[in-house]
Amino acid sequence: MEVEAVQGVAQTGGHISLWHLVWQASLPVQLVMLGLAIASVWSWAIIFEKFFVVRRVNAADDRFEQSFWSGQSLEDLYLTLGSRDTMGLASIFMSAMREWKRSQESALRAGFQGVQKRIEKVMDVQIQKEVGRVESRLLFLATVGSAAPFVGLFGTVWGIMTSFQAIANSQNTNLSVVAPGIAEALFATALGLLAAIPATIFYNKFAADTGKIGSRFENFADEFSAIISRQLDERI
Amino acid sequence: MRWSLTTSILMHAAILASALIVLPNPDAFKVEPQDTIPVDIVSIEDFSKRQATAKNVEPPKPEEKIAPKKQEVVKDVKPAPEIADEVKTAAHEPVAEPPEPKPEEPKKEEPKPEEVKQPEPDLLKELIKETADTPEPKKEEPKKAETKKAEVKPKAKPKLDKPEKKKPEKKLDVSEIENFLNKVDDTKTAPQKPADEEGAPKQGEFNMSGVDAQLAATIADALRKRLSECWAAPAGAREAQIVVKVRFSLNPDGTVQGQPQVLNSSSDILFASTAQSAVSAVLACQAYDFLPPDKYEVWRDITINFNPNMMYPT
């Protein structure tokens, strides 16, 4: 009687291949696994995207800084960049130049004190926009990195509870009764770690990258406002 | 973003597919029906009864032991004919009646390998015949024959084709002779061996002069069980193989009378502490009220060996 029951359990839960681990798990564990798989897919998508965004922004900044410090007049630079879709430093420069152009007529009337302030404000706003574009969705990586192990752990706890119920039902502590349940439970933790580890690593990397990019923007904005203020002083 | 999302999905799908293909598929668990092991619960009394009776039965054993030896002696004689054959072939002498000397007298033949050295077939033949005519009863003096054999063989070795064959025989013979010569000692020592192996009171000696062995063994077992629960031998005593012999007297109500005495001594550093722990175990375990009051004289004076190895069998 007992032996038959044990064999029944073993036949249903005897395999521990990858496929069986997923399909024989109980529904909550399956949901956890599904969620973790989706989290992993999404976080890798973010990782790919951020990787190329950061590279593109850095390359564009390098190119812009080269042309900015090449000695050509800012008006010429503004005209050449105006036709293009700009990003990074170039977009900050463009926003500042646009504001300068707009306020030139009024500045002749009301003086140049307000122009300086406005340009700085505009550059600040543009910096926030650019940095926000670079670091968008990075928070998801951070969330996955910290929460995925716990989600996996939840699946493990649930799976082990199920396997204990299997032990209680079969009244047998045979390994073949316990092992499949524990294996599927641990598989949930494995998935959680699988999602969390790259997410954490790349979150740290991209957080550092966006920090660098942001400070580069700030530095450029400061330098550019210094140049503008010098030019305004020369005009007076 | 769409591009990176599709890349990510493709990557996950590829990894999953490769994992399904590459990862080994573990064998399914097989449930083997577990055999139930029947366990008898034996009380100490039964156990000691068995041991005590086993001890009583032991004495006949030595006789059994000796009996096969005798047979072996006879057996050992038999292989000799091979050598006899070899002797003949070495002498290049086709003898008509080879089987004759074999069973009866292989020994007399062997003592004369020197004569075999001179290839005089007729002489050899005569000799063989002589020996065949005067058959000696084997069992009368296998000792003599064996000793002779042992003495003479080395000489015969170089002449014969296969000396290797002889060697083991010789060795066997010598040991057999020794056994035979030590026959008297054997009977004396024999009973002691089994007593060591499966003697009843393993842990302690009991002064049980004129007392039923079974009862004494029962008391010994009961005391040993009790004392091993109370006794914590100091660490290292087991390795040092310290044995403490303690004698103590009991009151009829099972309490210890006076102070237990340590009878032996040792130079080991641990001995003092081991002895102290043994004495305190004796005192801590009282009262020994499980001992039968009507047999007080059996357990009034008790001498017990505290041996860490026995108390805590490995």
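Quick caveat: nothing in here was measured; it's all calculated off a predicted structure. Each chain gets a letter, A, B and so on, in the order the sequences are listed, and its residues count up from 1.
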Heavy-atom side-chain proximity of B:Phe248 to B:Gln259 below 4.5 angstrom: no
Nearest non-hydrogen partners of B:Asn264 and B:Phe271, listed with the distance: O-CZ, 3.4 Å
Could you check whether any side-chain N or O of B:Tyr288 sits under 3.5 Å from a backbone N or O of B:Arg226, counting only pairs where one atom can act as donor and the other as acceptor? no
What I want to find out is whether A:Glu99 reaches A:Lys121 closely enough, with some N-O distance under 4.0 Å, to be called a salt bridge. no
Which pair of non-hydrogen atoms, one from A:Val151 and one from A:Val32, has the smallest distance, and what is that distance? O-CG1, 3.4 Å
Nearest atoms (heavy-atom pairs only) where B:Val262 meets B:Ala275: CG2-CB, 4.0 Å
Report, in residue-number order, which members of residues 197-215 of chain A are under 4.5 Å from chain B by heavy-atom distance. none
Using every non-hydrogen atom in the two residues, find where A:Glu184 and A:Met33 come nearest and quote the distance to one decimal. O-CE, 3.5 Å
Can you tell me if A:Glu130 uses its side chain to pair, donor with acceptor, with the backbone of A:Leu89 under 3.5 Å? no
Determine the interplanar angle of the A:Phe154 and A:Trp158 rings, folded into 0 to 90°, and report it as parallel if under 30°, tilted if 30 to 60°, perpendicular if over 60°. tilted
Within residues 39-49 of chain A, contacts to chain B at heavy-atom distances under 4.5 Å involve A:Ser40, A:Val41, A:Trp42, A:Trp44, A:Ala45, A:Ile46, A:Phe48, A:Glu49
Region of A:Phe51 in contact with chain B, defined by heavy-atom distances below 4.5 Å: neither
Flag side-chain contact, heavy atom, 4.5 Å: A:Leu186 against A:Thr156: yes
Most heavy-atom pairs under 4.5 angstrom with chain A, which of B:Ala19, B:Ala13, B:Ser4? B:Ser4
